[in-house]
Structure formats: C-alpha cells, structure tokens
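Below, all heavy atoms of this structure are taken into account, side chains as well, without hydrogens, waters or symmetry copies.
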Amino acid sequence: MKTPQGPEQPVVIVVDDDESLRDALGRLFRMVGLRTETFATAAEFFKRKLPDVATCLVLDIRLPGISGLELQVDLAKADVKVPIIFVTGHGDIPMSLKAMKAGACEFLPKPFRDQDMLDAVQLALERDRARRQAERTSLQNCGQIAIASGRASERS
Amino acid sequence: MSKLLEQGALRTDAQSLRLHVVQGVLLVSAGYYVGGLVGLLFKFPPSGITVIWPSTAILLAALLVTPPRHWWIYLLAVVPTHLHLVINFQRPEPPVLVAVCQVASNAVDVVLAALAVRFFIGAPPRFDSLRNMAAFILLAAIATTALACALAVALFVFTGWATDFWLAWRQRVLADGIAIITITPLIVLTWAGQLVGSQQATRRSYAELGLVTIGLLAVGIPLLGSQSPGSGNVPALLLAPLPLLLWAAVRLGPGGLSVSLLVVAGMALANGYLGRGPFAIQSSAENVLSLQIFLITISVPLMLLAALVEERRRAEESLKQAEARMAVAAASTDTGLWQYEVPTRHLWATEHCRNMFGLDANSLLTPEAFLGAVHPDDRGVVIAAMREAAPAEETARPSEFRVVDPKGQLRWYLSSAGTEFDKDGQPVRVSGIIRDITARRKAEQEAEQLEDALRAARRELARVSRQTTIGAMAASIAHEINQPLSALVTNGGIGLLLLARPNSDLDEVRQVLKRIVDDGHRASHIIASIRSMFGKDQREKSPVSIRDLVSEVLALVHGEMEGQRVSLSVESQQDLPRIMADRVQLQQVLLNLIMNAVEAMCSVENGERSLVVKCELHGSSDVAIMVEDSGPGIDPNDMDRIFDAFFTTKSHGMGLGLSICRSIVESHGGRLWASNRIPRGSVFHVELPGGGSVGE
C-alpha cells in the first residue's frame, strides 16, 4: 500500500455500534490510504483527542447511549467544525433533514455503495483541509500583524 | 259567649261582636219598621190590601248575612217592632193573637227561606249565576213564602180574622214575594259591596245607576202620573221603563236592577196611593193585583237576565284572566300562541308571538305578514306546513324554521299546529304555538360539531397509532436488516477492490469473503428472529370464542365505521367451538382486515359502504371468519401478491399488514386468503382449526 504516511495524513473517524460494519468501513478507508479510527459509542469517541489534521466523521444516527444527532450537537457546542457523514439503517427523512440542517456533509442510507462512501469522505476531507488552511492563514496574518505591531512599538 | 267565640272560625273581640249584633239588630228593627210602614200605609184606597211587604224581605236579608247562631236575636228583636207596627198602624187593628200569628208566620218564612238558600246556594248567597238566582226566586220568594203564608192565613181563618183563605193567601204571597225578589238581593249585595255588579265597583257604575234612576223618574213621573190615562195607552205606559230596566239588568247586575225596580215599584205605589196612573183605572183590588202582577212579571225575568249577564261577565272575566295568565306563561317560556279562523281568515296572536315576528300591535295580522318575517330559505317549509295543516287530522305537526328578529338576529323557531274540523270535515280553526328554540339549536349544533371533531380526532388517532405502530415496527425491522446488509455490501465492495489490484493478497480476500458470509448469516438470523416474533408458541394460547372476538374488535372500530358511514352486519352461527389461539394476535388480524375493508370502501366516492362479518363452522370443528366489503375489490393480477411483505396498493402504508396477518394465522395452523365478491368488493377468509388441534 503506497499511501502517504506522516503527520499530514488525513484521518477518518468511524462511530458505529455494528462491529461488522465498523470493521468493514475501517478496512475500506485504509485500502484507499486513509488513517482510520473506529469507535462503538459516542462516549468512546469523546475519550480520544481529535488529531490536528484534516478529519471527517462517519456517524451512525442510531447509537447506544448518546445518539449520532446528539453527538453532532455536542461537537457544534464545543466549536469543533469537523465534517460529518451520517449513515442510518432506515431512511428517516425528518432525521436526515435535521442532520443536514445542523451542518452534516452527507447522509447515506444503509446499505450504501462503497464508492458513494468514499466520494463522500473525499469531499468532506477536502472541505476540512480547506477550512484548516483558511484558519491557518488567518492565524498567520494575525501573527504577522502582531509581529508588525510589535516592531512598530519597538521603533517608537 | 266565649264558647261561641272559640268555635267561630273568626276570633273576634267579644265586645265588638256584641256591638255588631246590636248594630245589626237596630238596623234590622228600623228596616223592619220602615218596611212595615210602607206596607201598611201605602195602600190603594179605598181597599186595605198591602201591595208590597218589605219587612219580611229585610229580615230574610239579615238572616242571610248573619251566622245562624245569631238568628234568634234578630227574630226576637222584630217581635215587639211588629206588634208596635200593627197595633198603631194596621186598620182595622188586629187582635194580639193575629198579630202574633203574623210575626210567627214571617219568622217561619224567613227561617225556612234562609235555611233553603244556605243549603242550595250558600251564605251569603251570590246572585251572579242563573242557577243561583232561579233557585233563590223559587225557594225564598215562592216556595217558603207560599208555605208560611198558608199557615198564617189558615190561622187567620181559624180565628175569624180572615174569611176568604185563597184571597188572603194570594195577597200575602204576592206582597211578600215581590219584596223578597227585589229587596233581599239588594241588601245582600250592598252588604257584600257588590251593589253595581260583582266586579270592582267603579264611580262610573254608580254614575250609571244614578242616570238610570233619573231616567226612570223622568219617564215614570209623567207617564205613571198622568191624570186620566186612557185604557188604550196602558201597555205603552207600562213598557216605557223597560229599556232603562234592561239597561240596568245588562250593565249594573242584580243590585243595580233591584234599585231600578224599586224606583219603578215606588213610583207605581205612590201613584196608585194617590189614585193616578195606569194602576188607578180599575177597582182598587184589581189595581193592586195588576200592579203586583206587573212587578212580578218584570222583576222575575229581569232579575234572571241580570244574573245571566253577571254570569257571562264573570265567565268572560275569568277567561280573560286565564288568557292573560296563559299569555304571561307562554311569553315567559318564549312561546308565542296563535289561532287562525279559517272561514273568516281572522288571525289572532299573542303579543309575544307578534314580537317574535317583529310585528307591532298596529300591523295587520295575516299569514302573509308572518311569512314575510321567515327566512327566505325556510318559507317553503312553512308554506308546506300550512298547506298540510288544513286537510290533515288534528295532530300537531312541528316544523322548524328561521326568522330574522327585529334586532337583525337569526333565530330558530319551532311551530306546532292543530286543526279543528266541523261536522263536514271542513277546517274551522287552526291553533298553534311557536317556540324559540335558538338556544337549543345552537347547543345542538355545537354538540354536533364537537361530536364530529371528536370522531375525526379519534379516527385520526386510530390511523396514526396504527401507522406509527406498523411504521415503527417496519423501521425497526429495516434497521435491523440493513445493519448486516451494509456491512455485507461494504465488504463485497472491498473484495472487488482487492481483486482489482495486481498481486492481490488472497488471504485478505478470503477474510473479506468470510465476513460477507458471516454478515449474510447474521441477516438471516435477524429475519428468523423477526419471524419468530410472530411464530408459534411464543405467546400463551387460550380457548377463544370467535363470536366474542369479533364483537370486541367491532367495538374498537365502531366509531371509525360510523364516521365513514359504513353499514355493518354480523352473521354469526350459533354454537361455534372455541379455538386455542393467542387472543391479542387474532384481534390484530381481524382489526387489520376490517380496517383494510373500510379503507377500501372509503376510497370510492358515493359507493355503497357495507361491511359483512360472517362466522361459520367449516367441517366438523374448523371456524371460518369472512370479512366482506363492498369496495373496489382486488385486481386479479395482485391477488397472488397482496400477502407478500412490502406489497401495497395504498398511497400510504408499508405493505406489511396482510403478510403479518398471514403469518399470525399460519402460526395458528390456519389459512388466510382473499377472493373477489360478485358483483363487487372483496372477501378475506380466515380459517382456523378448532377442536384442540392447534396446528403445526
């Protein structure tokens, strides 16, 4: 597998209580060279710190304990802007609408085609990468401004 | 005296009672004395015949208005009065024995008469009916007087005071009778405060009485007093006061008439005494007789007439009062009364009735005026009711209609009418009542709306709960099955990806394939466990009566069927065996089949909606339930597929109902199938094995 390894390699995080699907998804993402982390519940996921790389979340709407939708809300509250791809066992339209309104990237009803999943993940990572880039630029700008203003104050 | 007081209903102070009696005795004695003077002095010369004897009439009046326990006082009191009278004024002066006979006969007369009147009319007597007046004249003026006078005259003849029994008897009876007829009612009525009629005496009535008296004097003095009347104009002279007497009889009652009669009698007496007038033509005895006959002939019928008029007036008054009471009662219950005289086309209506239609007192009452107030849309109803009212039998036919009242508000009225017919079957009178039922209508409408809303809500609830139950179940099944399916699909995709690579790692491919096999098994397990949810022996089975089961389920859907206007009939065979079954599951099957039938029928507008549930015995112990509807039936192409899971012909629904039903029935060892009905509709057959065999 000739996949780029290193700190900049993006991560896909899968949260699904179905072990078989969770493993299959992990295998799929690894096959296309993506780092993957899998969790059975939202609580497990929260124990892990988010990596400082482009990341996307594949989330089952129905989860034991905290549901996928609740997890989405919690992340939004914590100002974590990671893109989310929802999967669900049954096409619940009101639920998916709610998820999309709350900023979900994609909504895939089970069973989904693996290509659809890979496309969705690719798009989500692209978006996260762009977001991180923008944040970094603005941070740098801020830094430059700060440095510039510092210099200015030195001169005076 | 104290004993008497205790017995008396009215507890009067002993002293005031004594005073009353003393006053009464004095008054009666005075009256008796004056009356006697009139009788003894105003005679037609040269004969000594008494024309009228008021004393007896005055004594009788006294007895009629006093309690019998006081009678003896009055009777004793008049004895010295009478003796003093006759000894001083009767010429020739009668011996003491005769005088005692006179007073005794008078006493017998008044006591008998008073007793008879008390018994037949009551005390004090009322002269306001024909019956009372006739009874009074017959009993008091004629019968008892005739009897008492016969006794007295017999004694006179016996003592030699009188010679001709019949002549003396006749003279005495006439003199007493005339006085009793004219004077006694006058005194009794005056005592009762009803001199000028039984209704409230008004000044106007007294003025009228005065006018009549003046009129009588004006007519009588010149006529009766004419010096030498020719015998030819005697009838005219006698008839002259008649119009005024009639006036008194009709307008002033027996009391007023008595006064008038006494005026006439007084004038005649005065003129006869003076030897003038129509009663001075013949011999003295004949003159007296003709005057007496004249007085009797005018007073008896006129007194009867006055009593009759009084009776009528009283009846009219009570009718008026009854009508007023009725009108008040009717108005207070918001009811209007009306009556229509068919031949005269005269319409009468209570004030409230007119107000209900916005017609004031001045407006002309016609059926058209009433109809004009009726709401234009309802006029047809009212006209139909009016037409119908005429020829039909006399029963009330209520009709309801709307009227815009004077305030511009719409009101609902209920009208009932009955028709009276004459002997030829022609309608004579239509009477009706109209009631304001706006409040009731409003309440009814509100209740109806509430009922509709409630029914709709219940229906919606039933539908939603059914859908959500089935929907939730379907979603849960879908989720459970989708879980292994997605893993399976994903792994399949991975396998393909692996194979597409050069030098693919076969171990890895094998692992993926193994997972695919596992997921497939997992899905199959899930399906098996869902099936087992409806499978046999999962729940307790008990003997179930199919008839009870059917009625339980029908009770559940009763509201729904009523709301959808579905007619229901149940044909259940008697003595169906109980079958071992899960009651709740069979209820669900039946509920599902019936609701499907109702929905199928309601999908067609204007179609007949009849649901038939039949329970029959098949073979020796199997029980069959048939649910038949009159809906559009089942497309023959779909007939084989309707029991497949996820097959549906409905715009909503999961297509699971019938397949679950079939699973349940089959788990009971039975069969569920469908067929079409001729000419339309479909039948769902449930056949369940009975006789303890629970199948499979």
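Here the shortest heavy-atom pairing between A:A24 and B:A487 reads CB-O, 4.2 Å. In this structure, B:V489 and A:P111 approach most closely via the heavy-atom pair CG2-CB, 3.8 Å.
Residues passing the salt bridge (Lys or Arg N to Asp or Glu O under 4.0 Å) test with B:D505, sequence neighbours excluded: none.
Within the model, atoms CE of A:M117 and OG of B:S486 stand 9.0 Å from one another, a figure rounded to the nearest 0.5 Å. The CG atom of A:D23 sits 11.5 Å away from atom OG1 of B:T490, with the distance rounded to the nearest 0.5 Å. Residue A:D60 holds its CG atom at 5.5 Å from CD of B:Q483, rounded to the nearest 0.5 Å. Note: A:M31 CE to B:R501 CZ = 3.5 Å, rounded to the nearest 0.5 Å.
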Can you check side chain to side chain contact (heavy atoms under 4.5 Å, CB included) on B:I481 and A:K110, steps first, answer last?
CA-CA 10 Å; B:I481 296 173; A:K110 292 179 192 175; over 6 Å; no
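No other option in B:L496, B:I494, B:N491 has as many heavy-atom pairs under 4.5 Å with chain A as B:I494.
Within a 6.0 Å radius of CD in A:E70, more than 12 heavy atoms belonging to other residues, nucleotides or ligands are found. Counting heavy-atom neighbours within 6.0 Å of A:R48 CZ, excluding the residue itself, gives a total above 12.
Residues of residues 512-520 of chain B lying under 4.5 angstrom from chain A, judged on non-hydrogen atoms, are B:V512, B:R515, B:D519 in numerical order.
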